[in-house]
Trainee: 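Please read through the structure below; I'll follow up with questions.
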Amino acid sequence: MKVKLCILTAVLLLGAAPAFADTYSIEAFQFSLPQLADWVGENPVGDRADTIAQIGNEQTWYCFDITEIPDSQQIISATFTVRMRDYADDATTQRTLWYDPNDDWAFSSFPHDPDDEVVKEVTELVSVINFDHDGWTWITTDVDINRHDWSKDLLDNYATLMLTGPLNGYYSFGDAGFDGAVLELETRSAAADKDDNTTKVLNLGPEEIIQAKGADIQVPGYSVPSFVDWNNDNLQDLVIGQGSGFGDAKVRVYLNLGTESEPAFADYFYAQSEGSDLTCPASGCMGSFPRVVYWDADMRKDLLVGQADGTVKIFLNNGTDSKPVFDAGQAVKVGLDDENLDVGSRATPTLIDWDNDSKADLVVGAFDGQIHIYLNCGCSGGIPPTFDFSTSSGSSAPEDGWDLVVPSNRSSPVILDLDGDGKKDLLTGNTEGQLLFYKNVGTDDKPGFSGYSLVESNGAAINLTGMPRSRPFVCYWTGNGNFGPIDNYPDVLIGSGDGKVRLYRGNPETKTKTKIKTTTKTGDLDGNGIINLADLALLITYWPQSDCGLCDGADLTGDGNVDKDDLYSFIDVFLSTLEQQQQK
């Protein structure tokens, strides 16, 4: 037993290597010189507005070549350092740093023609710089990496930043000084060591488009589906959020007129609030993000709705559980100061007991790609939920010691145990229309994550085209006739930018395992006729691996994997060999 404990300790100490970060310091290879506008016509410039459309013509673009950074990396922090000279009299000069997400230099030509003053409104503010020095000075500022998708920069090999200003302070005549800039990026591997970047945890079949009255359901704007029993008839119904910056943000309900085994839908109606259609403010790629919940203690289903502006509303049911009718709704509050919950933009909420304390917590995805966590402090007994956080953005789900950020942003989380290990996992959509699975490597009451895998449909990774913004919902689409799932393979609904609702049915795992020869199950991995610590070292080399084929005999149990079962099997063989040697 003592030998077994020592071996296990050695294996644990030789566990997975930590994900180390890399840092790249990159000098601007091209920058444009500013042209001052101290006077516009006969009027002084005065203070500048902080919108890109009103910046004026004092702007300096810095272009950075980031080809040395592999596109498989994920940028986790960024700082910008610029050498410049003050030209404001006796005042702090507040400058703004903008980012060009399209890498088109924001000019109609490149290298930049100083007479070309094209400013594109796609630029995004990533930092504000307060400058109060005299003479030439290097100024460093942190860049908000969550304001845009850096993965596109890595693919295009360039990043472009623009420095403008001042936004306040007083002008003096003379040239503003700018003399070079450095962009420092810290990265780590996004998913390079996550097997083949796909997973069979959800073994999904081919894509299907949900129909009503024989035609594809297609809501105005972006669709956000869920599958719940709306009218208490023991049949699951479709509840779909709709809308965008060009369409009304409402909630459609399609009642299931079919059966458990064959859902069917006809006409829809809109969820009602205060005598009219429940409506939310829409913007950009989002209308309403509805989830049916039981918020308070009256046992009537309520409606939790994420909004485009990053806030979340709860609409309480004034009707009955089988015929919901909602009040005007109120913003979900957090913190001691009773602030509106606010994740910035594109709030995608789900209600779940995150920390296993028997109180419902709130997990919210957002444009920034993070998973915002709001724990129910139970200050009012836990029902309705009370969220005691010092900031309106909550805490963040962890990934390898950092805040988890979903690639390409616009996270849309579903929280449940998907791999059957008794721990809640994370499934999420993103901007690119993919479906990402994050395995919980922490505990069920304190989830933690370490990279993702892309979920497949019919053998290929789900990757919707166009402007998808995948927003998933996990359900059991068909029942067994007794108001239960027809099987234990979860199905997935996905809403997206074309307004349609896609269904991917879960299938049994069909992946075949490669069996090894019985002669390799002896534990003699190096084939020298002796079972010793050298064989253990070879086993550790292959442990843990999934679907590894032969693995040079390390798969002692013959199930196609090298895992703890093979470790235990080796230890038993090793101890038996020691006993036999002692008896001799």
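Fair warning: this is a prediction, and the values are worked out from it, not measured in the lab.
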Trainee: Go through the structure and list residues passing ring pair (Phe, Tyr, Trp, His ring centres under 6.0 Å) with Phe227, not counting sequence neighbours.
Mentor: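 Only Trp477 meet the ring pair (Phe, Tyr, Trp, His ring centres under 6.0 Å) criterion with Phe227.
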
Trainee: If we ignore angles and hydrogens, is there a donor and acceptor under 3.5 Å between the side chains of Thr311 and Asp342?
Mentor: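 Result is no, nothing qualifies.
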
Trainee: If every non-hydrogen atom of Gly466 is compared with every non-hydrogen atom of Pro468, which pair is closest and at what distance?
Mentor: O-CD, 3.1 Å

Trainee: Give the intermediate values and the outcome of side chain to side chain contact (heavy atoms under 4.5 Å, CB included) for residues Asp309 and Ser283.
Mentor: CA-CA 7 Å; Asp309 65 1; Ser283 176; over 6 Å; no

Trainee: So, does Asp400 use its side chain to make a donor-acceptor pair with the main chain of Ser450 at under 3.5 Å?
Mentor: no

Trainee: Take Leu426 and Val363 through the side chain to side chain contact (heavy atoms under 4.5 Å, CB included) test and state the conclusion after the steps.
Mentor: CA-CA 11 Å; Leu426 168 64; Val363 178; 6.0 Å; no

Trainee: Out of curiosity, Ser223 OG to Asp498 CG, how far, rounded to the nearest 0.5 Å?
Mentor: 6.5 Å

Trainee: For side chain to side chain contact (heavy atoms under 4.5 Å, CB included), just list the numbers for Ile69 and Ile26, CA-CA rounded to whole Å, side-chain angles, deciding distance to a tenth of an Å, and then say yes or no.
Mentor: CA-CA 10 Å; Ile69 306 177; Ile26 306 160; 4.1 Å; yes

Trainee: Tell me, please, which residues at least two apart from Asp444 pass salt bridge (Lys or Arg N to Asp or Glu O under 4.0 Å).
Mentor: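 Partners of Asp444 by the salt bridge (Lys or Arg N to Asp or Glu O under 4.0 Å) criterion, ordered by chain and then number, come out as Lys424.
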
Trainee: Looking only at non-hydrogen atoms, find the nearest pair between Gly287 and Ala282 and report the distance.
Mentor: CA-CB, 4.0 Å

Trainee: List for me each residue that meets salt bridge (Lys or Arg N to Asp or Glu O under 4.0 Å) alongside Asp417, sequence neighbours excluded, and say none if there are none.
Mentor: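 Residues passing salt bridge (Lys or Arg N to Asp or Glu O under 4.0 Å) with Asp417: none at all.
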
Trainee: Would you confirm whether Asp229, through its side chain, and Gln236, through its main-chain N or O, come within 3.5 Å as a donor-acceptor pair?
Mentor: no

Trainee: Residues in salt bridge (Lys or Arg N to Asp or Glu O under 4.0 Å) with Glu207, at least two apart?
Mentor: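 Glu207 satisfies salt bridge (Lys or Arg N to Asp or Glu O under 4.0 Å) with Arg502 once adjacent residues are dropped.
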
Trainee: Tell me, which pairs form a side-chain hydrogen bond (donor to acceptor under 3.5 Å, both in side chains) where one or both residues lie in residues 284-294, sequence neighbours left out?
Mentor: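 For residues 284-294, and leaving out neighbouring residues, the side-chain hydrogen bond (donor to acceptor under 3.5 Å, both in side chains) pairs sorted by first residue read Tyr294-Asp321.
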
Trainee: Which residues pass the ring pair (Phe, Tyr, Trp, His ring centres under 6.0 Å) test with Phe315, not counting sequence neighbours?
Mentor: none

Trainee: If I take atom SG from residue Cys377 and atom CG from residue Asp361, how far apart are they, to the nearest 0.5 angstrom?
Mentor: 10.0 Å

Trainee: Does Phe80 have any ring pair (Phe, Tyr, Trp, His ring centres under 6.0 Å) partners at least two apart in sequence or in another chain, and if so, which?
Mentor: Tyr62

Trainee: Indicate the atoms forming the closest heavy-atom contact of Thr348 with Pro413, along with that distance.
Mentor: OG1-CD, 3.4 Å

Trainee: I'd like to check the side-chain hydrogen bond (donor to acceptor under 3.5 Å, both in side chains) partners of Ser77; sequence neighbours left out, ordered by chain and number.
Mentor: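 Once residues adjacent in sequence are excluded, the partners of Ser77 under the side-chain hydrogen bond (donor to acceptor under 3.5 Å, both in side chains) criterion are Glu186.
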
Trainee: Looking at residues at least two apart in the chain, or sitting in another chain, which of them share a side-chain hydrogen bond (donor to acceptor under 3.5 Å, both in side chains) with Lys333?
Mentor: Asn340

Trainee: Check Gly284 against Tyr222 and note the closest heavy-atom contact, atom names and distance.
Mentor: O-CE1, 4.2 Å

Trainee: Going by the rule side-chain hydrogen bond (donor to acceptor under 3.5 Å, both in side chains), which residues pair with Thr81 if we only count those two or more places apart in sequence or in a different chain?
Mentor: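 Thr81 satisfies side-chain hydrogen bond (donor to acceptor under 3.5 Å, both in side chains) with Thr140 once adjacent residues are dropped.
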
Trainee: Going by the rule side-chain hydrogen bond (donor to acceptor under 3.5 Å, both in side chains), which residues pair with Lys359 if we only count those two or more places apart in sequence or in a different chain?
Mentor: Asp357

Trainee: With rounding to the nearest 0.5 angstrom, report the OH to CG distance, Tyr489 to Leu204.
Mentor: 13.0 Å

Trainee: Test side chain to side chain contact (heavy atoms under 4.5 Å, CB included) on Val343 and Asp368 and set out the steps.
Mentor: CA-CA 8 Å; Val343 294; Asp368 64 12; 5.6 Å; no

Trainee: Residues in salt bridge (Lys or Arg N to Asp or Glu O under 4.0 Å) with Asp65, at least two apart?
Mentor: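 Asp65: no salt bridge (Lys or Arg N to Asp or Glu O under 4.0 Å) contacts found.
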
